[in-house]
Undergrad: 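Please find one structure pasted underneath; my questions will follow.
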Amino acid sequence: SAPGAPPPPPPPTLTPAQLDGALREAAGDAALAEPDVVLVYGRTFTLAGYPPWPLRHSEIYSMGRLTRASAAGVRGALARFGATAQRFGR
C-alpha cells in the first residue's frame, strides 16, 4: 500500500448462522448431525479439525494408521460401540 493510504478494511466476520448455512448448502442437514460413533485414523490420536460441539455425546475410537485400515477393524469398532452402555444424566 502507498504511504499515508488508509489501512485495508478488516475481513468480514462469519457468524455461526452463516457457517451453519454454508455447511448445509455444501453437505445437507447431515453435515450438522451429531454422530453416535467417530472412528479416528492416524498415527497420532487427535480431534484437530473436528467440530467439538457435535461430538459431545459421541463415542470416539482411535483406529491407528489408515494404511492398516480394514473392514474387520471397522466391524470390531462398531461391535464395541454396540456393546457400550449409554448413560445419559443420572
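If you read the sequence from its start, that first residue is 1, and numbering goes on from there. Atom set for the values below is all heavy atoms of this structure, side chains included, hydrogens, waters and symmetry mates excluded.
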Undergrad: Could you grab the distance from atom CZ of Arg43 to atom CZ of Arg68, nearest 0.5 Å is fine?
TA: 9.5 Å
Undergrad: So, for Met63 and Leu39, which heavy atoms are closest and what is the spacing to 0.1 Å?
TA: CG-CB, 3.8 Å
Undergrad: Using side chain to side chain contact (heavy atoms under 4.5 Å, CB included) as the criterion, list what pairs up with Ser62, not counting sequence neighbours.
TA: Phe45
Undergrad: Report whether Val74 and Val37 are members of the same hydrophobic cluster (ILVMFWY, side-chain heavy atoms less than 4.5 Å apart, transitive linking).
TA: yes
Undergrad: I need the Leu78 CG to Glu59 CD distance, nearest 0.5 Å.
TA: 12.0 Å
Undergrad: Looking only at atom types and distance, does a side-chain atom of Ser58 sit under 3.5 Å from a main-chain N or O of Ile60, one as donor and one as acceptor?
TA: no
Undergrad: Looking only at non-hydrogen atoms, find the nearest pair between Tyr50 and Val38 and report the distance.
TA: CE2-CG1, 4.0 Å
Undergrad: Under the salt bridge (Lys or Arg N to Asp or Glu O under 4.0 Å) rule, collect the residues that match up with Arg75, sequence neighbours excluded.
TA: none
Undergrad: With sequence neighbours excluded, give me every salt bridge (charged side-chain N to carboxylate O under 4.0 Å, His left out) pair touching residues 76-86.
TA: none
Undergrad: Could you state the interatomic distance from CZ (Arg56) to CD (Glu34), rounded to the nearest 0.5 Å?
TA: 4.0 Å
Undergrad: May I ask you to test the Tyr61-Val40 pair for a side-chain heavy-atom distance under 4.5 Å?
TA: no
